[in-house]
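Note: hydrogens, waters and symmetry copies are ignored here, and every other heavy atom, side chains too, is used. Please read these numbers as outputs of a predicted model, since none were measured by experiment.
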Amino acid sequence: MMTIDSDARSGSERPVTYIRFDGWLSHVENAFNLIAAFSILTLMLLAVAQVIGRLLFNMPVPGFIDITEQAMAIFAFAGVAYCQRVGGHIRMEIVLGRLSGRTLYVCEMVGVILIAFTVALLIWGSWYHFDRSWTIGDSTMDIRLPTWPSKLVIPVALSLLLVRLIMQIYGYARLVADPSREPVAVPMIEGVEEHAKHEIDEAFGDETAEGGTR
Amino acid sequence: ATETFAADVTWNVSLWGKRRAFTEHVEKLAEEVSAKTDGKFELKLQYGEALSKSRENLDGISFGAFEMAQICASYHPDKNPSLTVLELPFLGVKDLKEEIKVSMKLYEQPAVKEDLGRWNAMALMPSPMPQYNFAGKGDVPDSIEAFNGMRVRALGGIGQLMEAVGAVPTSVTASETYQAIDSGTVRAASFAPHAHLSFKVVEVADWWTKNLNPGTVQCPVIVNIDAYEALPDDFKQALDSSVDPALAHYLETYDKVYEKWWPELESQGVTQVEFSDEELAAFAEKAGPIHAAWVEEQTANGLPGQELLDMVKTTISE
Amino acid sequence: MTPLEVGLMMTGVMLVLVVLGVRVAFAAAFTGLVGLIIHFSMKMGFERGFFVALKMAGTIPHSKSVTYSLSVLPTFILIGFLAFYAGFTKQLFEAAKRWLGWLPGGMAVGTVFSTAGFAAVSGASVATAAVFARVAIPEMLEAGYSKRLSAAVVAAGGTLASLIPPSAILVIYAILVEQSVGKLLIAGFLPGVFSAFIYVAIIIGISAWRGDAPPVRGFTWKQRFESVPGTLPIIAVVAIIFCAFFFGLATPTEAGSLGAFVVLMVAFFRGMKMKQLGQALHETAKLTVMIFTLIWGVLVYVRFLGFAGLPDAFRDFIVTLHFSPWMIMVCILLAYAVLGMFMDAIGMLILTLPVVYPAVMALNGGEGVSAVDSTFGMSGEACAIWFGILVVKMAELCLITPPIGLNCFVVSGVRPDIPVQEVFRGCVPFFIADVLTIGGLLAFPSIITILPELMG
Ligand code: NA
Ligand code: NA
C-alpha cells in the first residue's frame with residue numbers, strides 16, 4: 001500500500017529525471033485527490049442543508065438529486081491516478097506473492113501495460129461520450145443541469161491515470177532490465193505480514209514511523 | 001409468406017425495467033414482425049438495462065450498438081427538445097388514443113425528424129402514458145390552494161406548474177417515493193396509475209387527484225436510421241405494418257391496468273379528489289407562462305417552437 | 001463462435017488475469033472491452049465494430065458512476081474515517097469495561113461490544129482490530145486474561161463491521177441487485193447483534209470453565225454513568241442511520257451525511273486537528289475512488305456479458321442442475337468463503353454478483369415469487385436480502401480464518417509478543433460460533449427478514 005520512494009541511492013545510479021517527473025506528477029495527483037475529498041465534504045454539507053431545509057423551513061435544496069449526481073463524477077474519478085500510485089486498487093496477490101526478481105517485474109509490467117491499453121481506449125470512448133453531450137446537448141431530468149462538465153471529468157481523470165501508468169511501465173521496465181536495482185515509484189507487492197504492518201501503520205498514523213508517502 | 005433471399009436480421013432492443021404494460025407494444029411488435037417474415041427478422045428484447053442505461057439509449061442508438069430502444073424525453077430534455085412539447089402541462093390530451101394520434105403526427109414534423117436525426121434515430125411509435133395525477137397522504141386537498149406549501153415529488157414541467165401554485169417540488173427518487181410519503185419527506189407524488197401501483201404509493205396514500213390531469217411524459221420507441229434504411233423492403237414493410245397492431249395491443253393491456261387500479265383505490269380506501277371546472281380552468285392558466293417560456297427557449301435554440309405547439313394544440317382540439 | 005462462447009472464453013480470460021494479480025477493476029474492464037470489440041466485430045466487421053465497442057464502453061464509466069443511489073457510499077466511508085481519526089475508541093472500551101466487567105470474562109465481553117460498536121460505525125474490520133489490539137489487549141492482560149483469549153476477542157469483534165449499519169458493503173450489494181438500500185441495512189442489524197451475543201455467550205462459557213478470565217469488579221454506579229457520554233457519538237451514528245432507514249426519515253445519502261456531520265462536530269469539539277481531518281478526507285477519497293473504479297470496471301465487463309447473454313445462460317444452468325436447491329445454496333456460500341480467503345470482500349461481491357445473483361433468484365423461483373411458491377420459503381425480495389446478509393457474513397468470516405485472515409495478522413502485528421498462530425487458535429471458538437450463526441441464519445431466515453418486513 002505504499003510507494004518506495006528512496007533517496008538513499010547514489011546519484012549516478014538514480015534515474016533523476018524519472019524521479020523528478022514522478023514528484024511533479026504526484027503533486028498533480030494529490031491535488032486531484034484533494035478535490036475529490038472536498039467534493040465529498042461538500043456533498044455531505046449539502047445533504048445536511050437539504051434535510052434541515054426540508055424539515056425546519058420547508059425549503060429543500062432544488063434539484064438536490066441532479067446536483068449530487070453531477071458532482072459524483074468528481075469523487076468517483078478525480079482520485080483514480082492517486083489510488084493507482086499508492087496501489088489502492090484491489091487485486092489478488094496469491095500468485096504474484098510467490099514470485100520474485102525478474103519474473104515478478106515482468107508480470108507486474110505486463111499487468112500495467114494491459115491496464116494502460118484499457119485506459120487509453122476508454123479515454124477515447126469516454127471522450128466521445130462527452131463530445132455528444134457537448135455538441136448535441138444533454139441535461140439532467142429535474143433542474144436541467146448540463147451533463148457535459150461531469151462527462152468531461154472522466155477522460156481528464158483517466159488521462160492523468162494513463163500518465164501514471166506509463167511512468168509505472170518505465171519503473172518496472174528498468175527493474176526487468178536489472179532486477180538488482182532499487183524499485184522507484186512503483187507499488188511493491190507485500191506478504192500478509194507486511195500488509196498487516198501497513199494496516200497498522202495506517203491505523204496509528206503519526207504515532208508510529210511514517211510509512212511512505214500517503 | 002413472401003420469398004426473400006435476404007440474410008436473417010437480428011435487431012437488439014434496449015429496454016429498462018421488467019416486462020410490463022409499458023413494454024407490451026414492443027413485445028407485440030417483435031411477435032408480428034417475426035410472423036410476417038417467417039422468423040427471418042428477429043427483434044431481441046433486452047430488459048433491465050442490459051444493453052444501456054435508459055438515459056443513454058439515444059447514445060447507444062447513435063453509434064449503432066443496438067438498433068431499437070425505448071426512451072422518455074423527460075429523462076434528458078436537452079437531448080430531444082422537440083419531443084418535450086408533449087410534456088408541457090395542460091395540453092388537454094383526453095386519453096391514450098388521442099396521445100397516440102398527436103404523437104404520431106409530431107414524429108412526422110421535419111423539426112422533430114431533424115432533432116432525432118442528430119442521434120441517427122427516428123421515432124417509430126409512442127408509448128402513450130396516462131396523465132400524471134397526484135397521490136398523497138394526509139388532509140385531502142379540497143381545492144388547488146391546498147397545494148400551497150405542500151412538498152411534492154414532481155419533475156420538469158409538472159414541477160414548474162406545481163411551483164406556480166406554491167407547492168415545493170422535492171427531490172426523491174422513484175423507488176424511494178413510498179418511504180418518502182410514509183415518513184412525510186414529501187406529501188404527494190405524481191405518477192401514472194401503473195407507477196403508483198408498482199411503487200406502492202397507493203398503499204400509503206389517502207387521496208388521489210382524479211381529474212387534475214396536469215400532463216404526462218413522452219416515451220417513444222426509436223430505431224437507428226441506418227439499420228432501418230438497410231432493411232430489405234419486405235422487412236421494412238413488415239416493421240411498419242406492425243406498428244398499428246402493436247399499439248392496439250398496448251391499449252388493450254393498459255385497460256387491464258385500470259381494471260386493477262380502480263379496485264385497488266377502493267380497497268386501500270383512497271379518496272378520489274375531483275376539482276371543479278372553474279378551479280381547473282384557473283389552474284390551467286398557470287400553464288400559459290410555462291408554454292410561452294418553452295416556445296421562447298426552443299425558438300432561441302433554432303426549433304420552430306410556436307409551430308410545434310400550435311400543431312399539437314390543433315391536433316388535440318380536432 | 002456464438003456470442004455465448006465468446007462470453008465464456010472472455011470470462012475465462014478475466015479469471016486468469018485476476019488470479020495473476022492484475023488489479024480487478026481493470027482486469028474486468030479490459031475483458032469487457034475486448035469482449036465488446038470481438039462481439040461487434042463479428043456482427044459488423046472489425047473496422048466498424050472496434051469503434052462501436054469503444055463508444056459503448058466509453059459510456060459506462062460516467063453512466064454507471066453518476067447514479068444517485070451510489071452517493072451514499074462516500075458518506076458512510078467518511079463516517080468511518082472521521083470516527084477513526086477522532087479516536088472514539090478509548091472511551092468506548094472504558095464504558096464497556098465499567099458496565100460489563102463483572103461478568104465472567106467481563107473485559108472480553110466489553111471488548112466484543114466496544115469493537116462491534118466501533119467496527120459498525122467505522123465499517124473497517126481490519127482497522128478496528130488494529131486499534132483495539134492496542135486499547136484493549138494490555139488491559140485484559142493486566143487483569144490476568146490469557147493472551148490467546150485477549151487477542152482472539154479483538155480479532156473476532158472487528159468482523160462485525162459489515163453487518164451492523166452503517167455498512168458500505170451492504171449498500172453496494174443492494175445497489176448491484178437493485179434492492180432497497182434501507183432494507184438491506186436494517187436487515188443486517190439483528191444478525192450483527194445476534195453474532196455479537198453468540199460471541200459473548202462463548203466468552204462467558206469458556207471463561208467460566210477455564211477460569212482464566214477473572215471478572216473485574218468495583219466500579220460504582222457513578223463511575224459507570226460517567227463513562228456513558230464518551231460512547232454517545234458511536235451510539236448516535238448507529239441510531240441516526242437505523243432510525244433514518246427504519247422510519248424512512250431521510251434518504252440513504254442524507255442519513256449518511258447527517259451521521260458524518262455529527263461525527264465531525266463531535267470530533268472537532270474533542271479537539272481533532274486539521275491534519276487529522278485532512279488525513280480522514282484523503283483516505284475517504286482514496287477508498288471511494290477504489291470502489292467506484294471497481295464498480296464501473298466490472299460493469300464494462302457486465303455490459304459485454306449482456307450482449308453475450310451469459311447471465312441468462314448461467315441462470316438456466318444452475319436451475320437445471322440435478323441437486324437440491326439447498327445443496328446448491330450451501331455450495332455457493334462455501335465458494336464465497338473460499339474466494340473470500342484470497343480477495344477483498346467488496347471486490348468479491350462486485351465481481352461475482354452480476355452472474356451469481358440472478359441464478360440464486362431463479363433458484364428460489366424468480367424475482368417476483370411469493371413465499372408460498374418459492375423454493376426457500378421466502379418471497380423474491382426477502383430472498384435477495386437473506387442472500388446478501390449471508391454472503392457478507394461469509395466474507396467477514398474469512399478475516400479470522402487461515403491462511404490470510406488479516407485481522408489475526410494485524411492483532412499479532414500490533415502485539416509482537418503474541419504469535420499469529422496463537423491468535424488463529426484463539427479464534428477457533430469464534431469461527432465455530434460463526435459457522436453456527438450462518439447455520440442459524442440459513443435455518444431461521446426470519447432473523448434477517450423480520451425487521452425489513454416491518455418496514456413495509
Ligand atoms: Na457497519
Ligand atoms: Na479476506
Side-chain angles (χ1 to χ4, degrees), chain B residues 7-20 44-67 75-76 120 137 153 170-186 198-201 203-204 224 226-227 230, chain C residues 3 36 39-40 43-44 48-49 51-60 62-69 71 174-175 177-183 186 243-255 299 302-312 354 358 366-368 380 455-456:
Chain B
D8 285 7
V9 177
T10 305
W11 275 16
N12 279 313
V13 186
S14 173
L15 304 166
W16 69 92
K18 301 184 177 85
R19 179 175 174 173
R20 57 206 188 281
K44 216 165 136 194
L45 274 53
Q46 306 259 31
Y47 286 95
E49 304 192 321
L51 304 188
S52 169
K53 217 163 124 170
S54 58
R55 281 194 277 187
E56 268 83 36
N57 271 340
L58 271 173
D59 298 81
I61 288 281
S62 76
F63 49 78
F66 37 83
E67 290 79 10
Y75 287 6
H76 34 58
N120 201 8
K137 193 178 169 182
R153 180 192 192 269
T170 303
S171 288
V172 176
T173 61
S175 55
E176 284 166 356
T177 310
Y178 172 91
Q179 283 264 320
I181 293 182
D182 194 33
S183 64
T185 300
V186 295
S198 64
F199 294 123
K200 301 198 292 181
V201 178
E203 291 177 26
V204 278
N224 174 292
D226 293 341
Chain C
L36 284 170
H39 178 87
F40 285 113
K43 187 167 173 175
M44 49 189 85
R48 225 188 120 215
F51 285 101
V52 172
L54 281 197
K55 287 178 177 177
M56 176 37 80
T59 63
I60 295 166
H62 184 270
S63 168
K64 290 294 183 179
S65 307
V66 175
T67 301
Y68 177 70
S69 53
S71 64
I175 292 167
V177 307
E178 296 180 343
Q179 294 291 332
S180 152
V181 169
K183 286 190 178 176
I186 294 296
C243 292
F245 288 111
F246 195 72
F247 301 107
L249 296 176
T251 67
T253 306
E254 293 167 3
L299 288 177
V302 170
R303 176 66 52 84
F304 155 65
L305 289 188
F307 277 97
L310 194 88
D312 292 353
E367 299 247 357
M455 291 167 68

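No salt bridge links Glu367(C) with Arg19(B); every basic N to acidic carboxylate O contact stays at or beyond 4.0 Å.
Contacts between Ser63(C) and chain B at a heavy-atom distance below 4.5 Å involve backbone atoms as well as side-chain atoms. For Phe247(C), the part lying near chain B is the backbone, with the side chain staying farther off; criterion is any non-hydrogen pair under 4.5 Å. With a 4.5 Å cut-off on non-hydrogen atoms, Ser62(B) does not touch chain C at all.
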Pair Phe66(B), Met56(C) - check side-chain contact (heavy atoms from CB on, under 4.5 Å), show working. CA-CA 10 Å; Phe66(B) 37 83; Met56(C) 176 37 80; 3.9 Å; yes
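For the pair Pro252(C)/Glu176(B), a side-chain contact is recorded, criterion being any heavy-atom separation below 4.5 Å from C-beta on. Annotation: side chain of Phe63(B) is in contact with side chain of Thr59(C) (closest heavy-atom distance under 4.5 Å).
Using modelled atom types, one finds a donor on one side chain and an acceptor on the other under 3.5 Å when comparing Thr67(C) with Lys53(B).
Taking each heavy atom of Thr10(B) and Lys43(C) in turn, the nearest pair found is O-NZ, 3.9 Å.
Note that CG of Asp59(B) and NZ of Lys55(C) are 10.5 Å apart. Values are rounded to the nearest 0.5 Å. The line from CZ of Arg55(B) to NE2 of His62(C) is 8.5 Å long, rounded to the nearest 0.5 Å. With rounding to the nearest 0.5 angstrom, the CD atom of Glu56(B) is 9.0 Å from the NZ atom of Lys64(C).
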